[in-house]
There are 2 protein chains.
Amino acid sequence: MKNSSLYKGSLTTIIMKLLEENGRMYGYEITQKVKQITAGELTITEGALYPALHKLESEGLLDVEVERVDNRLRKYYKLTESGEKETVNKMAELEEFIRNMQSILSPDVKPGLQL
Amino acid sequence: MKNSSLYKGSLTTIIMKLLEENGRMYGYEITQKVKQITAGELTITEGALYPALHKLESEGLLDVEVERVDNRLRKYYKLTESGEKETVNKMAELEEFIRNMQSILSPDVKPGLQL
DNA sequence: AAATATACCTAATTTTCTTAGGTATAAAAA
DNA sequence: TTTTTATACCTAAGAAAATTAGGTATATTT
């Protein structure tokens, strides 16, 4: 398999975190940034990315600005105010998720366990 | 939401790791163990669990033994040899996944970055 | 001239999960 | 004693989120 099934359900979180970090980004830029950050280990497919961006926009979490650069279209996305709030929640969920998965991975390091 | 969408795609990994740790377990026991490990934060629903167990069995990764305890049926699952090998892969994938998500979460702590 | 990179998109299908049921026994609470 | 909760299994319909496999178009590199 290319990407492990573990990445299922994480795309929205990834998009919002990148936009929080970088202010505004366009779709293709997001795919390249993820490749770079993960040293090529995670590839965001366009068939997943674009529908996800459109959904976030329709939910009012992202705003779009279309620009023409080098005679090619770019759709820049940025977080709305509501999107920024939701990003905070997403980050808390991600941290909790990682903690819980690490607890399963390392059964002797349970949260709150006295050693 | 009950469980964050981040857990999508992680159920098989969780099941196999628990079976690797505990030798053999039955379905209900798995749901309780996950609740316990995650301090109630993650709830495995039966509608997800049982189909997942049946799929792993049909793929030859799990073996089943049915036992009657207190006049109730229990289906004990354990890893096959092939299942044990696959669990090693799953654990590697989980560790890589966590590393990559942490890289996105903490953009200043990229893997291999000189600090 | 052809291939690769940039940049957007959608539609059909698959995977995985949620929701909402169902059956049955045992123990605890009202 | 009746009802609820816990134990223990199950499935089917639908939703969510992805994969796969296309499509269009321009710019750059081979």
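Predicted model, so just to flag it, every value in this text is computed and none were measured. A note on names: the letters A, B, ... follow the listed sequences, proteins ahead of strands, and every chain is numbered from 1.
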Could you give the [atom1]-to-[atom2] distance, from [X] to [N], as a whole number of Å?
{"X": "A/L73", "N": "C/dA5", "atom1": "CG", "atom2": "C1'", "result": "17 Å"}
{"X": "A/E57", "N": "C/dC9", "atom1": "CD", "atom2": "P", "result": "9 Å"}
{"X": "A/Y76", "N": "C/dA7", "atom1": "OH", "atom2": "C1'", "result": "11 Å"}
{"X": "A/K75", "N": "C/dC9", "atom1": "NZ", "atom2": "C1'", "result": "9 Å"}
{"X": "A/K33", "N": "C/dT6", "atom1": "NZ", "atom2": "C1'", "result": "17 Å"}
{"X": "B/R74", "N": "D/dT7", "atom1": "CZ", "atom2": "C1'", "result": "8 Å"}
{"X": "B/E67", "N": "D/dC9", "atom1": "CD", "atom2": "C1'", "result": "15 Å"}
{"X": "B/H54", "N": "D/dT11", "atom1": "NE2", "atom2": "C1'", "result": "10 Å"}

I'd like to know if the side chain of A/D63 pairs up with that of A/Y76 as donor and acceptor (distance under 3.5 Å, no hydrogens or angles considered). no
NZ/NE/NH1/NH2 to OD/OE distance under 4.0 Å, B/K75 and B/E65: no
When you check the gap from the basic side-chain N to the acidic O, do A/E21 and A/K17 get nearer than 4.0 Å? yes
Would you give a per-nucleotide map of nucleotides 12-30 of chain D, 5' to 3', where B means the base has a protein non-hydrogen atom under 4.0 Å away, S means only the sugar-phosphate does, and - means neither? -----SSBB-----BS---
On DNA chain D, does the nearest nucleotide to B/Y77 precede the nearest nucleotide to B/Y28 from the 5' side, or the other way round? Give the residue. B/Y28
Residues two or more places apart in sequence or in another chain: which of them pass salt bridge (charged side-chain N to carboxylate O under 4.0 Å, His left out) with B/K55? B/E59
Work out which heavy atom in A/G9 is nearest to a heavy atom in B/S5; give both atom names and the distance. O-OG, 3.0 Å
Ignoring backbone atoms, test whether B/Y50 places a side-chain nitrogen or oxygen under 4.0 Å from the OP1 or OP2 oxygen of D/dC9. yes
Which residues share a side-chain contact (heavy atoms from CB on, under 4.5 Å) with B/R72, sequence neighbours left out: B/D70
